[in-house]
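Position 1 is the first residue of the sequence; numbering continues from there.
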Amino acid sequence: QLQFVESGGGLVQPGASLRLSCAASGVESYHIGWFRQAPGKEYEGVSCISSGGGSTYYADSVKGRFTISRDNAKNLVYLQMNSLKPEDTAQYYCAARRERYATPETMCSGRNYDARGQGTQVTVSS
């Protein structure tokens with residue numbers, strides 16, 4: 001059974017950094033992605049990583065600022081977010097997609113996942 005616990009969200013000023021963590025279980029053969037939802041905005045696939053960690057995808061809106069990584073030995077997935085902007089404000093969710101059905105790019109761009117966590121709130125405001 002897939003389970004996720006996200007953490008690391010908070011309130012920060014523009015330009016600051018945050019690192020989100022996702023404790024994921026049952027995801028050995030799954031790509032993992034971070035998705036976000038802001039009020040009045042479309043659900044967005046922010047970044048996704050392959051099951052082995054060798055392939056990643058980033059939305060244009062975060063490319064160059066966010067870095068996704070995973071530690072399969074610890075069942076952890078991270079999203080390092082630098083140079084945060086007010087438009088990054090959203091609820092961030094960790095999600096998984098079985099690797100046989102997607103690539104990190106199709107998972108994120110298609111917003112396809114098999115399960116997701118409850119999310120963690122990120123607010124960027126001065």
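Among residues at least two apart or in separate chains, salt bridge (Lys or Arg N to Asp or Glu O under 4.0 Å) pairs with a member in residues 35-46 are R36-E44, R36-D88, E42-R111. Among residues at least two apart or in separate chains, salt bridge (Lys or Arg N to Asp or Glu O under 4.0 Å) pairs with a member in residues 114-126 are R97-D114. Sorted by first and then second residue, the disulfide bond (SG atoms under 2.5 Å apart) pairs with a member in residues 34-71 read C48-C108; sequence neighbours excluded.
Taking every heavy atom of both residues into account, P14 and S126 meet most closely at CD-N, 3.7 Å. Heavy atoms only, all atoms of each residue included: S109 and T106 are closest at OG-CA, 3.7 Å. Looking at every heavy atom in both residues, G33 comes nearest to M107 through N-CE, 3.5 Å.
Other members of the cluster containing Y78 are L76, with ILVMFWY side chains joined at under 4.5 Å, either directly or via other members. Clustering of Ile, Leu, Val, Met, Phe, Trp and Tyr side chains at separations under 4.5 Å leaves Y57 isolated, with no partner residue. Cluster note: L79 groups with L2, F4, V12, L18, L20, V27, Y30, I32, W34, V46, I49, Y58, V62, F66, I68, V77, M81, L84, Y92, V122, V124 through ILVMFWY side-chain heavy atoms spaced under 4.5 Å, whether in direct contact or through intervening members.
Shown here are the side-chain hydrogen bond (donor to acceptor under 3.5 Å, both in side chains) partners of D71, two or more places apart in sequence or in another chain: there are none. Listed by chain and residue number, E99 satisfy the side-chain hydrogen bond (donor to acceptor under 3.5 Å, both in side chains) test with S51 (two or more places apart in sequence, or in another chain). Residues meeting the side chain to side chain contact (heavy atoms under 4.5 Å, CB included) test with S55, sequence neighbours left out: S50, P104. Under the side-chain hydrogen bond (donor to acceptor under 3.5 Å, both in side chains) criterion, S25 pairs with no residue, sequence neighbours left out. Not counting sequence neighbours, the partners of K63 by the salt bridge (Lys or Arg N to Asp or Glu O under 4.0 Å) test are D60. Evaluation of the ring-ring contact (aromatic ring centres under 6.0 Å, His included) rule for Y43 yields F35 as partners, not counting sequence neighbours.
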